[in-house]
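Side-chain atoms are counted along with the backbone in the values below, which use heavy atoms only and exclude waters and symmetry mates.
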Amino acid sequence: MLSGDIPPNQTIYIKNLNEKIKKEELKRSLYCLFSQYGRILDVVALKTPKLRGQAWVCFSEVTAASNAVRQMQNFPFYDKPMRIQYAKTKSDCIAKEEGSFVPREKKKKQEEKADRKRREDTQQSSVPNGTHGASNGGPTASFRQGSSAQEASPPNNILFIENLPHETTGRMLEMLFEQYPGFKEVRLIEAKPGIAFVDFEDEVQSSMAMQALHGFKITPQNAMIITFAKK
DNA sequence: AGCACA
């Protein structure tokens with residue numbers, strides 16, 4: 001209940017975002033940053049006076065949202081710490097996925113809220129659809145909260161790369177990673193072939209590269225596994 | 001601070 005009294009939701013609500021960032025860039029960056037936690041169905045951001053500085057990120061699983069709320073809490077994003085909570089209501093894109101979406105009519109907001117609450121109360125716990133068909137079956141295991149299960153490392157400007165073919169050279173990795181802003185250097189570990197570290201200026205930039213290159217196949221058998229390095 | 005779905 002650190003996040004207030006709002007019950008878990010597949011969608012997270014983020015505030016204290018830098019209002020100078022243009023909407024499209026903001027949405028793209030949020031998508032990159034949060035897709036490490038699971039499949040993202042939608043990112044909503046409006047720049048209206050009432051809604052600027054805020055955004056909603058909709059995940060396909062509640063566990064992904066939970067991990068995101070905990071691990072990205074106060075994450076410095078465009079120089080401002082993100083404040084993250086669960087969204088108060090169900091996102092349209094989620095309702096659409098479960099077939100319970102009803103286009104909003106011209107009603108007062110109050111009635112709309114009541115409607116949504118009613119729908120939520122009658123819905124059963126959502127069935128995880130086995131089709132995680134995204135790019136490559138990413139690192140987004142569903143962690144049991146508070147258990148001894150392995151936690152993903154928190155964001156770090158250093159990326160940890162695994163599953164590289166032993167023939168991989170530093171130059172090869174440089175060519176892949178240097179196209180992303182903030183790239184600093186690649187470090188191969190000669191004692192341990194198959195892994196590497198890649199340094200970026202900051203966590204936001206490393207996150208972007210991670211999202212873009214995770215699962216990239218250097219050979220058909222060698223999809224890169226990218227995680228944040230342990231601190 | 002601010003909870004929407006252009």
Side-chain angles (χ1 to χ4, degrees), chain A residues 1-129 131-134 140 145 155 204 207-208 211:
Chain A
M1 319 335 179
L2 294 163
S3 52
D5 46 2
I6 304 149
N9 190 305
Q10 275 169 262
T11 300
I12 57 173
Y13 168 72
I14 311 166
K15 60 183 179 181
N16 198 40
L17 292 168
N18 190 328
E19 298 178 10
K20 290 185 290 245
I21 309 306
K22 281 177 289 295
K23 187 175 72 176
E24 281 316 312
E25 178 184 348
L26 183 70
K27 285 164 70 168
R28 271 178 45 86
S29 299
L30 288 170
Y31 184 91
C32 290
L33 196 59
F34 280 99
S35 50
Q36 44 177 311
Y37 296 102
R39 189 168 138 242
I40 293 177
L41 303 177
D42 199 13
V43 178
V44 175
L46 294 300
K47 38 159 205 225
T48 61
K50 183 165 181 212
L51 291 169
R52 64 187 170 207
Q54 302 152 77
W56 290 261
V57 177
C58 315
F59 290 98
S60 65
E61 307 286 342
V62 197
T63 51
S66 300
N67 285 326
V69 168
R70 292 201 320 273
Q71 295 196 16
M72 297 301 275
Q73 198 59 256
N74 302 323
F75 181 80
F77 188 60
Y78 294 110
D79 302 317
K80 299 189 69 182
M82 292 196 282
R83 305 273 124 91
I84 313 177
Q85 302 169 335
Y86 292 113
K88 286 184 183 158
T89 58
K90 184 189 292 291
S91 298
D92 286 356
C93 67
I94 309 284
K96 279 174 187 156
E97 255 225 343
E98 26 177 79
S100 60
F101 177 68
V102 183
R104 69 194 88 256
E105 304 140 36
K106 329 236 148 157
K107 283 184 186 174
K108 305 194 174 350
K109 300 245 161 123
Q110 294 301 318
E111 293 176 69
E112 243 180 49
K113 270 189 190 164
D115 264 17
R116 261 181 247 183
K117 189 133 284 168
R118 230 169 282 135
R119 263 182 275 141
E120 276 164 35
D121 292 347
T122 48
Q123 90 167 118
Q124 307 303 329
S125 55
S126 56
V127 181
N129 45 356
T131 53
H132 258 265
T140 52
Q145 309 202 23
V204 177
S207 295
M208 303 295 171
Q211 166 53 17

Regarding A:E97 and A:R39, does a basic nitrogen lie under 4.0 Å from an acidic carboxylate oxygen? yes

d([atom1], [X]; [atom2], [N]) in whole Å:
X	N	atom1	atom2	result
A:N16	B:dC3	CG	C1'	15 Å
A:R52	B:dC3	CZ	P	14 Å
A:R83	B:dC3	CZ	C1'	17 Å
A:I84	B:dG2	CD1	P	17 Å
A:L46	B:dA1	CG	P	20 Å
A:Y13	B:dC5	OH	C1'	14 Å

Over all strands shown, is A:L51 touching base, sugar-phosphate only, or nothing at heavy-atom distances under 4.0 angstrom?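 It contacts sugar-phosphate atoms only.
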
NA contact type, A:D42, heavy-atom cut-off 4.0 Å: base, sugar-phosphate, or nothing?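 Counting heavy atoms under 4.0 Å across all strands, no contact is made by A:D42.
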
Toward the 5' end of DNA chain B, which comes first, A:C93 or A:P49, by nearest nucleotide?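 Nearest-nucleotide comparison on DNA chain B picks A:P49.
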
Looking at side-chain heavy atoms only, is the closest gap between A:T11 and A:V57 below 4.5 Å? no

Should A:K50 be listed as having a side-chain N or O under 4.0 Å from OP1 or OP2 of B:dA4? yes

Pair [X], [Y]: side-chain N/O donor-acceptor within cut-off below 3.5 Å:
X	Y	value
A:S100	A:E98	yes
A:N18	A:K80	no
A:Y78	A:E25	yes
A:S66	A:Y37	no

Looking at A:T11 and B:dA4, is any side-chain donor or acceptor paired with a base atom of the opposite kind under 3.5 Å? no

Is there a residue in residues 17-34 of chain A whose heavy atoms reach under 4.0 Å of DNA chain B, and which residues are they?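 Correct list: A:E19.
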
